[in-house]
Amino acid sequence: MPQTRSPHLGPATRAIHGQQQRDAFGSPHMPIYDTTTFAYPDTAALLEVTEGHHRGPLYSRYGLNPTLFALEETLASLEGAEAAWAFSSGMAAISTLFLSHGRRGIVCLGEVYGGTLGLLEQQLPELGIETHFMPEGHDPDTLERLLASGAGLVYLETPTNPTLQLIDIAAVAEQAHRHGALVAVDATFATPINQQSLALGADIVVHSATKYLGGHSDLTAGAVMGPARLLEPMWRWRQNLGSALSPQIASLLSRSLRTLPLRMQRHEASAQAIAEALLDHPAIDRVLYPGLHSHPGHSLARRQMRGFGGMLTLEIAGGRAAATAVADRLALFALAPSLGGAESLVTQLCTTSHADLSAEERTRRGISDGMLRLSVGLEDVEDLLADLLQALGPEPGS
């Protein structure tokens, strides 16, 4: 397993120079090896790879392809990890994580992505994998009881989707590790630029690379990063389930990572400006953004994050119908699921990612039907704010 470059290098430097694989002809980035299989001059050279003595290309379905190697080295470098695996989607990465490390039982802290929730609630129980849900987040007493009963994996997102709740990674890791349990963090909203989850005590980090890591709404991918000993069991699942990332998408993702630090600066600067501008708007009951002092997780975000990200959630006064009207009047914010691209997106949670939950369950999880989740893009912030203001309607007395 290749070693990552110096962790003392800055994130922008690692985003560009994280790959250690070098093209034989001197290209500054690894070309696309659109190749199914790789030939060797003799059996001895082939056995060096198949027996694990040397990491070399072999068969692309296994993920043994130079284009993937280069991408995975950059991903590991960005996260400060020993190793990384790239997957065909974020859900492929998450599924493989649970199949590899969740068989002793999973504790799910806080809110999680709807696809993850469905997997934990519906498919994994069919395989005998039990999940205990703690939607309120880190309750040390409840977590202690579950860990004492033998649960082996604590899984969480921070910030969460869509309420942007913050969970203290270091505190959860300290408690889990006392019981021999692993901690896995979905850091999709934060990205490796704003949060170094492994340095805070997490054992494994997972990303939907479709979002900010890809950043252009033109690829679907996932990634896991962590120590080689913990990622090694996941490699065989990836190989036999056929969920390794294709070389073409790996090359696109490698391209995107080079601009990730710059893009995140713009995303979060605009999100902060919009959150502050809308904080007291009469058509909005709440603005949820970790960069606001009013956010309940603001102090924790300042401790465990470098920046506050490009996601914010508005709770529109008047409930579902009012929120739908605002979403439909937006022009620059496209009405679409997903997030993290150059273009701004708006999602009404009760009609998309959380539509499968009952109204009662959404309420219990703090997700009102009046919530709009904004993925703030790279457009001029003045234009985005003007679009939001016209969609919210004129303020009284104006």
Apply salt bridge (charged side-chain N to carboxylate O under 4.0 Å, His left out) to Arg255 and list each qualifying residue two or more places apart in sequence or on a separate chain. Asp218

Taking every heavy atom of Leu335 against every heavy atom of Asp328, the minimum-distance pair comes out as CD2-OD1, 3.9 Å

Per-pair distances, 0.1 Å, donor-acceptor, side chain in residues 282-294, under 3.5 Å, sequence neighbours excluded:
unit_1 : atom_1 : unit_2 : atom_2 : d
Arg286 : NE     : Glu315 : OE1    : 2.7
Arg286 : NH2    : Glu315 : OE1    : 2.9
Tyr289 : OH     : Gly309 : O      : 2.6
His293 : ND1    : His298 : NE2    : 3.4

Looking at Glu73 and Arg14, is any side-chain nitrogen of the basic one under 4.0 Å from a carboxylate oxygen of the acidic one? no

Whether the Thr188 and Glu157 side chains hold a donor-acceptor pair (N or O, under 3.5 Å, no angle test) is what I'd like checked. no

Can you see which heavy atom on Gly102 is nearest to which on Leu153, and at what distance? CA-CD2, 4.2 Å

Could you tell me whether the side chain of Asn65 and the main chain of Leu58 form a donor-acceptor pair under 3.5 Å? no

Extract all donor-acceptor atom pairs below 3.5 Å that involve side chains of residues 129-140 and protein atoms in other chains or at least two apart in sequence.
unit_1 : atom_1 : unit_2 : atom_2 : d
His138 : NE2    : Gln175 : OE1    : 2.8
Asp139 : OD1    : Asp141 : N      : 3.3
Asp139 : OD2    : Thr142 : OG1    : 2.6

Counting N and O atoms only, with roles assigned by atom type, does the side chain of Trp235 sit under 3.5 Å from a partner on the main chain of Tyr62, one being a donor and the other an acceptor? yes

Only pairs under 3.5 Å count here: list side-chain donor-acceptor contacts from residues 239-247, not counting sequence neighbours, and write none if there are none.
unit_1 : atom_1 : unit_2 : atom_2 : d
Gln239 : OE1    : Arg236 : NH1    : 2.7
Ser246 : OG     : Gln248 : OE1    : 3.4
Ser246 : OG     : Ile249 : N      : 3.3

Salt-bridge contact Glu72-Arg238 (side-chain N to carboxylate O under 4.0 Å): yes

Does Ser344 use its side chain to pair, donor to acceptor, with the backbone of Phe333 at less than 3.5 Å? no

Please list, chain by chain and in numerical order, all residues satisfying salt bridge (charged side-chain N to carboxylate O under 4.0 Å, His left out) with Arg263, sequence neighbours excluded. none

Got a sec, which residues hit side chain to side chain donor-acceptor pair (under 3.5 Å) with Glu276, two or more places apart in sequence or on another chain? Gln272

Kindly determine whether Phe98 and Leu120 satisfy side chain to side chain contact (heavy atoms under 4.5 Å, CB included), including the steps that lead there. CA-CA 9 Å; Phe98 293 154; Leu120 292 169; 3.5 Å; yes

